[in-house]
Amino acid sequence: MDKRDNNDLSAANTTASVQVLGVGSDTGASVPSALLFFDRQRFLFNAGEGFQRFCVEHRIKMGKVSGVLATRTTTEATGGLPGMLLSMADTSCGGLLAGHAGMSVYGPTGLNTLVNAFRTFVNVRDVGLKVHEFGGATAGAAPAPLVSNELVTITPVLLAAVGTPPAGQQGSAEAAGEGVEPSAKRPRLEGGSEGQQSSGMEIASVAVESPAACYICELPDVPGKFLPQKAASLGVPRGPLFGKLVKGEEVMAANGQVVRPADVMEPATPGPVVLVVDCPSQAFMPALSSSPQLLDCASGAKRDKVAVVVHLSPLEVVRLPAYRDWLASFGTGATHILVAESITSNAPVMRKSAVLQAKLNVLDPTLFPLCDDGAPTDGVAAELPANCVAGTNMLRYHLRPVAKKGVDAADCPAPVDVAAEQAQLREQRPDVLEALAATGSPTDGEQLPSSIAAGQRDKFEVTFLGTGAAVPSKYRNVTGIHVNLFGRGGLLMDCGEGSYGQLRRRFGLAAADELIRRLSLVWISHIHADHHVGLPAVLAARTRLLGPDCPPLLVLGPRPLRRALQGYAQLEPMRFRFVEAAATAAPPPEGALAQSVVPPEAQAAIDAAVASMGLSRFESVLVAHCAHAYGLVLERAASEDGTGGWKLVFSGDTRPCARLVEAAKGATLLIHEATFEDSLAEEAVAKKHCTTSEAVEAGAQAGAFRTLLTHFSQRYPKIPVVDQNFQGTVGIAFDLMSVNLADVPSLPRIVPALKLLFKEEEEGNEDEPQPQMLS
């Protein structure tokens, strides 16, 4: 194809469609995305948490994305944007947007605040990010198009919740400079006087929902076919004048008559209109139903041109009678795609991970349990009108060519048949089960710690929400660990992007939300994005679940994280206190530089949280990674008879570290990063991570009862290199794996079976075709 063809964006020479990208639609933790596709341009609506991983799962290359348009500036719709931008900047990680020259991001009031919040850990200049915030126009003024070219005109429609100030009166983050301090004009939650804020612990947050946006996408009319015989009959000679008529210009015939394009062309094909609608809650319904721009589409001049309405609104809104009435106002000519209704389809968005979990469940159903509680309702699909379809993941609506116009479900993935997957494993891989049986009892001839020998299952349980390093893969999300202390609450150790969704995939929606309600604190090891980008979503979810007057959640982390969270807190309600993780570090040895004094109120918050969890020791340990990087020691003292005590240690990211080894002495379970295999020792040194043998050696030096390896490079999407290092006391962590204290002894037992299970698959290097329309 020559250069002229590559630059031709005319409507007559392009295919067009809109496709559902069901990021988070299986968990309800994110607002799904939609992709408006043209041959040489793409427009993405929303990038919720898990978007990076979604692209890897579905082999989506986003190199032709011209812009991202957010329907909200909250974490539900934009939580995946930082990770997406980091992938653009780091092509060495297989960047999804490698070679992309830059990107525009559009969104309602608050978008600048959002971008300023994640500037702390994303260098937006490296990716050429252009930020376009709208919503400050004079009330009642018609919004200006955000995009207008030969392919499409995209115009926003701003929605405000009942009781919030109109757009333009809420205060813009642009006035706050680089996001150092939020605008004082936005309503805040109770929770901090100026004196409290100066201590660095109390963070003020907005008390109202941020505005939302819908988008009207208008494709131009396609000119009708040129009729050369008709032109000739009107006295127009063949040649340049024919070309002018095709381009829409009037010409003078040889007889002096003016010939207009309409005289020699078939009627134009009207350009379709696509609506992308997001009504976050019932409070936005009045704005949705009264919008002049949307009324024009529903019952006005544009009604007959509306081809499809993509509804990204949540299920509880979509099923409101008022919402269904509004939908019906469009008549029967438009097709409505209700993405929220797809949650009853039981088709996981991360399908490959679900298949893997089904196989691992065969090896050990306790370590790798299945979750069958996916639907937020009774699981019964709603009865939909004839012109409505459930917006299942990858569903597409063809706009052009006209001959293909309509719904296409060819790319929609099927549900996972767990029973069939497991039966196939048992039938085709008996060697794996034989290897498992050959390992015998996990405790043969081994003296167990008293806390494990008691057989109690209510002490602690560790669930891995992500076990990958830097960027997510199909099988491993970025780092996140939930520690359930049962009657004593729980905590998160790191909270990578998508942690909330992973918690819901593992436990089901209701049980996961209960774990969020019961959190005592969140501890973040260091400032690298793969360890904390999911935290704002967790904080916002907890506040929604407990209400705006809930007790603030204690967050312990590196100092720069406070600035980022302060920005996020201006976009949606989230109740938390922030204290630097250094405040929980052990006192420095005699003669070393003294640490800064911990303010009394911060120390009191830490002490209260630790006491509520029944811990005798909660200590951050400085490790060898980046500045202010820590590991964590959790310990519960033994009872008076010397039984029941345990010690859990998490390394965070680190090179081999004597301080960590010393702090982990006698650990019941040491969770240690093992980013690289031994043959990549130089890279491990350069990036300040551990190799497998270094992690195993750390466990041996500490005398840990069991060492569980995690944080694997995405070179190893399923399993790391299993070699002679895996002896006796070493296990491998997987996403959605739950390790109860009582099951800690069994971790090494399944390693030989795991090695055998994945050996054949890795050698096969399963290579699936890339979706054609997104390549």
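Throughout, residue positions are numbered sequentially from 1 according to the sequence presented. What you see is a predicted model, and the numbers here were worked out from it, not measured in a lab.
- In this structure, Ala663 and Val621 approach most closely via the heavy-atom pair CB-CG2, 3.7 Å.
- A donor-acceptor pair under 3.5 Å is absent between the side-chain atoms of Ser30 and the main chain of Gly48, judged by distance alone.
- At least one donor-acceptor pair closer than 3.5 Å links the side chain of Glu673 to the backbone N or O of Thr675.
- At least one donor-acceptor pair closer than 3.5 Å links the side chain of Ser205 to the backbone N or O of Ala569.
- Aromatic ring centres of His532 and Phe121: separated by under 6.0 Å.
- Residue Arg559 places its CZ atom among 12 or fewer non-hydrogen atoms of other residues, nucleotides or ligands, all under 6.0 Å distant.
- Using modelled atom types, no side-chain atom of Ser353 and backbone atom of Met350 make a donor-acceptor pair closer than 3.5 Å.
- In Gln603, the CD atom is crowded: over 12 heavy atoms of neighbouring residues, nucleotides or ligands sit closer than 6.0 Å.
- Heavy atoms only, all atoms of each residue included: Arg504 and Cys371 are closest at O-SG, 4.4 Å.
- In this structure, Phe650 has its ring center no closer than 6.0 Å to that of His672.
- Figure legend: cation-pi geometry between Arg476 and Phe734, with NZ or CZ positioned under 6.0 Å from the six-membered ring centre and within 45° of its axis.
- Contact record, Lys459 with Leu741: CB-CD2, 3.6 Å, taken as the closest heavy-atom pair.
- Arg577 contributes no side-chain N or O that, together with a main-chain N or O of Pro552, makes up a donor-acceptor pair within less than 3.5 Å.
- Residues Pro32 and Val23 form no side-chain contact, since every pair of their non-hydrogen atoms from C-beta on lies 4.5 Å or further apart.
- Between Phe51 and Phe54, the two ring planes are parallel [angle under 30°; tilted spans 30° to 60°].
- Using a distance-only test at 3.5 Å, with no hydrogens or angles considered, a donor-acceptor pair links the side chain of Arg636 to the main chain of Met613.
- Ser616 places a side-chain N or O within 3.5 Å of a backbone atom of Glu635 that can act as its donor or acceptor partner.
- Between the Asn393 side chain and the Gly22 main chain, a donor and an acceptor come within less than 3.5 Å of each other.
- Counting all heavy atoms, side chain and backbone alike, Ser738 lies closest to Thr463 at OG-OG1, 2.8 Å.
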| message | Using the rule given for side chain to side chain contact (heavy atoms under 4.5 Å, CB included), can you reason through Thr75 versus Glu572, listing the C-alpha separation, both sets of side-chain angles and the distance that settles it, and then say yes or no? | response | CA-CA 8 Å; Thr75 55; Glu572 57 188 315; 3.0 Å; yes

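- A donor-acceptor pair under 3.5 Å links the side-chain atoms of Asn46 to the main chain of Thr71, judged by distance alone.
- Remark: Leu660 CG to Leu622 CG distance equals 10.5 Å, nearest 0.5 Å.
- Between the Thr654 side chain and the Ser651 main chain, no donor and acceptor come within less than 3.5 Å of each other.
- Ring pair His531/His526 is tilted by interplanar angle, where 30° to 60° counts as tilted.
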| task | Show your reasoning for whether ring-ring contact (aromatic ring centres under 6.0 Å, His included) applies to His311 and Tyr323. | result | CA-CA 11 Å; His311 298 263; Tyr323 194 93; 5.6 Å; yes

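- Taking the six-membered ring where tryptophan is involved, the planes of Tyr215 and Phe45 are tilted, since the angle between them lies from 30° to 60°.
- The salt bridge (charged side-chain N to carboxylate O under 4.0 Å, His left out) search around Arg518 returns none, not counting sequence neighbours.
- For Pro82 against Tyr568, the heavy-atom pair with the smallest separation is CG-OH, 3.8 Å.
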| said: One pair to check against side chain to side chain contact (heavy atoms under 4.5 Å, CB included): Leu503 and Ile516. What are the steps and the verdict? | reply: CA-CA 9 Å; Leu503 202 65; Ile516 293 292; 3.7 Å; yes

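- Listed by chain and residue number, Glu76, Asp278 satisfy the salt bridge (charged side-chain N to carboxylate O under 4.0 Å, His left out) test with Arg72 (two or more places apart in sequence, or in another chain).
- For Glu316, there are no side chain to side chain donor-acceptor pair (under 3.5 Å) partners two or more places apart in sequence or in a different chain.
- The local environment of NE2 in His628 is sparse, with at most 12 non-hydrogen atoms from other residues, nucleotides or ligands closer than 6.0 Å.
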| said: side chain to side chain contact (heavy atoms under 4.5 Å, CB included) for Val555 and Leu535? Distances and angles first, verdict last. | reply: CA-CA 9 Å; Val555 175; Leu535 177 55; 3.8 Å; yes

| query | Where do His689 and His711 land on the ring-ring contact (aromatic ring centres under 6.0 Å, His included) test, with the steps shown first? | reply | CA-CA 10 Å; His689 288 292; His711 198 267; 5.2 Å; yes

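- Of all heavy-atom pairs between Val206 and Gln570, the closest is CG1-O, 3.0 Å.
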| Chi angles and distances behind the side chain to side chain contact (heavy atoms under 4.5 Å, CB included) call for Leu288, Phe284 | CA-CA 6 Å; Leu288 181 75; Phe284 288 85; 5.7 Å; no

